[in-house]
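This report refers to the structure that appears directly beneath it.
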Amino acid sequence: MAQHGPAPTEPATAGAPEVSLTIPVAPEMEIVATAQADALGEYMDMPRDKIDEVKLALVEACINAFEHAHTEDNQVHITFRVGGSTGDWLEIEVRDRGRGFDAEGVESPSPQKTFEERRRRGWGLHIIKSLMDEVEIASGDWGTRILMRKYK
Amino acid sequence: MAQHGPAPTEPATAGAPEVSLTIPVAPEMEIVATAQADALGEYMDMPRDKIDEVKLALVEACINAFEHAHTEDNQVHITFRVGGSTGDWLEIEVRDRGRGFDAEGVESPSPQKTFEERRRRGWGLHIIKSLMDEVEIASGDWGTRILMRKYK
Amino acid sequence: MSETCKVSVERRGDVAVFWTDGYINNQGGEEIAREAYSELDRGARALVMNLEKTRIVNSIGISILIEVLEKVMERKAVLAFCGLTPTIDKTFRIMGLAQYAAIYPTENEALRAVSAPA
Amino acid sequence: MSETCKVSVERRGDVAVFWTDGYINNQGGEEIAREAYSELDRGARALVMNLEKTRIVNSIGISILIEVLEKVMERKAVLAFCGLTPTIDKTFRIMGLAQYAAIYPTENEALRAVSAPA
Ligand SMILES: Nc1ncnc2c1ncn2[C@@H]1O[C@H](COP(=O)(O)OP(=O)(O)O)[C@@H](O)[C@H]1O
Ligand SMILES: Nc1ncnc2c1ncn2[C@@H]1O[C@H](COP(=O)(O)OP(=O)(O)O)[C@@H](O)[C@H]1O
């Protein structure tokens with residue numbers, strides 16, 4: 001590896017083609033954002049079904065920011081990174097400058113709670129974790145940042 | 001019109017849903033950018049053929065920045081705005097922080113020059129102007145900004 | 001604008017067939033729910049939902065489909081899905097929708113199954 | 001990666017038919033040029049390019065197609081395009097490609113035209 005290599009804090013992503021997208025908090029803008037995941041997934045030859053999984057995970061991260069973050073700037077910031085020597089993975093970072101939440105404290109959902117206790121919501125984060133290969137959530141009074149990666 | 005209306009410097013765009021995209025200067029990233037024009041065109045119900053025209057104009061603006069701007073940040077910054085009361089137009093602003101050029105001084109192309117004098121390049125800006133309804137070019141040592149609008 | 005899911009419904013005896021086209025979010029889910037309740041009120045015994053023209057159903061959309069499923073079960077009717085993409089199928093399984101509603105690959109299979117005498 | 005244009009060619013007598021699939025930029029244009037020159041070298045008298053699977057041809061791609069067209073004319077061969085989207089058709093007309101190459105709506109029409117005795 002050359003000396004101009006990765007910075008210590010972002011080991012795997014330095015040098016990866018990076019695309020940033022900012023969308024407004026507005027109905028259906030999450031779908032507009034998925035167009036970017038689609039285009040980058042095709043660019044890196046990710047199989048269609050995996051692209052669909054990435055798109056749904058992105059949708060869930062966006063609608064969480066829309067619904068729960070109460071951002072001041074009314075925006076959601078998304079960064080896409082294609083990494084690995086032959087475009088092996090797609091990483092998506094979704095950030096809001098909202099009020100944050102206690103990610104550890106979120107109760108896990110289950111079909112039983114959903115059907116028997118009629119608590120039908122609360123699946124977003126679980127779906128993101130199920131569909132992506134790696135997920136990291138950081139949240140605080142500065143907002144929320146979800147980092148998720150899918151290998152092709 | 002309500003009093004919280006447009007700021008004087010940006011008369012027609014205030015309040016319009018705005019999406020910003022930053023792409024790296026890299027092969028085919030212009031196509032990745034067109035995915036956003038596609039998604040916003042569909043969002044606002046712009047006819048398919050007009051979306052295609054917008055996409056080609058966007059491609060031309062991006063490859064100009066890739067090829068001629070010699071940017072320091074290696075990026076092209078794009079802002080999409082959907083405006084009008086029912087999503088009547090799509091505005092795209094393409095900015096680079098490159099070396100700029102004298103937009104007035106660019107010689108216009110013609111089929112004759114292309115075929116008889118074999119000067120086959122030099123069509124990008126002309127194509128942009130032909131395909132979009134309104135085009136504004138500003139350029140200087142700070143870089144270049146192309147603002148283009150298409151009505152649906 | 002145009003991403004919004006379009007829903008069309010056709011009645012075949014006591015089976016109502018739904019075709020969705022586009023993104024199913026809260027709005028799309030509510031549109032489906034409205035149509036579903038009206039079919040149940042008009043005596044439908046089975047609902048078949050063909051989602052082949054839908055590529056994304058978000059978790060809010062699914063939560064509304066689950067509400068519909070519960071209403072369907074209360075009325076002793078049945079709900080079957082078909083034409084799911086692998087991702088939608090996976091999400092329906094994760095959320096448990098697949099435990100209470102039947103999922104078939106094609107509309108024909110779904111129709112055959114809900115029309116078979118119990 | 002996958003946006004790159006794929007080009008396939010089939011020879012029918014002295015006519016070579018080209019099908020493109022995807023974005024035609026400098027790379028895609030050069031790929032087409034390579035194939036076109038090899039067909040001319042192998043005696044093709046007419047080239048028919050079906051672009052129905054291409055939605056975008058950028059101005060660099062077109063400038064290469066113009067180069068191809070010039071070579072074709074030098075060799076006294078003919079070049080015909082078909083399957084153009086309205087936007088590609090418009091751009092070909094703006095740049096004057098339509099003045100020197102024939103444009104037909106369909107491949108059949110293009111083939112019929114280039115096969116007709118002069
Ligand atoms: N971006 C965010 N900002 C603030 N809170 C969030 C954010 N994302 C998730 N949360 C919190 O986590 C909870 C669980 O989220 P999720 O699993 O997506 O389910 P749901 O959105 O259906 O409640 C939410 O109810 C909310 O309290
Ligand atoms: N973003 C830009 N930065 C610097 N120069 C530019 C930019 N866009 C266009 N130019 C200049 O304007 C000229 C004409 O551009 P264009 O009409 O797109 O044709 P071409 O790119 O084929 O030369 C270019 O050759 C270049 O000198």
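Naming convention: chains lettered A, B, ... in sequence-line order (proteins, then strands); numbering from 1 in each chain. The model shown is predicted, which means the values in this text are computed figures rather than measured ones.
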Across chain A and chain B, going purely by atom type as modelled, what donor-acceptor pairs are there at a distance under 3.5 Å?
{"from": "S20(B)", "atom 1": "N", "to": "T22(A)", "atom 2": "O", "distance (Å)": "2.9"}
{"from": "S20(B)", "atom 1": "O", "to": "T22(A)", "atom 2": "N", "distance (Å)": "2.7"}
{"from": "T22(B)", "atom 1": "N", "to": "S20(A)", "atom 2": "O", "distance (Å)": "2.7"}
{"from": "T22(B)", "atom 1": "O", "to": "S20(A)", "atom 2": "N", "distance (Å)": "2.9"}
{"from": "V32(B)", "atom 1": "O", "to": "Q36(A)", "atom 2": "NE2", "distance (Å)": "3.0"}
{"from": "Q36(B)", "atom 1": "NE2", "to": "V32(A)", "atom 2": "O", "distance (Å)": "3.0"}

Requested in this report: Run the numbers on L90(A) and V54(A) for side-chain contact (heavy atoms from CB on, under 4.5 Å), then give the verdict.
Outcome: CA-CA 9 Å; L90(A) 176 60; V54(A) 170; 4.1 Å; yes
Report task. Give the minimum heavy-atom separation between M44(A) and G87(A), together with the two atoms involved. Result -> CE-O, 3.2 Å
**Report entry** V76(A) vs V94(A), side-chain contact (heavy atoms from CB on, under 4.5 Å): CA-CA, chis, key distance, verdict
**Finding:** CA-CA 7 Å; V76(A) 178; V94(A) 180; 3.6 Å; yes
Report summary line: Nearest heavy-atom approach of C62(A) to I23(A) is SG-CD1, 4.0 Å
**Report entry** Worked verdict on L125(A) versus V135(A) for side-chain contact (heavy atoms from CB on, under 4.5 Å)
**Finding:** CA-CA 10 Å; L125(A) 295 171; V135(A) 179; over 6 Å; no
Report summary line: To the nearest 0.5 Å, atom CG of L56(A) lies from atom CD1 of I51(A) at 14.0 Å
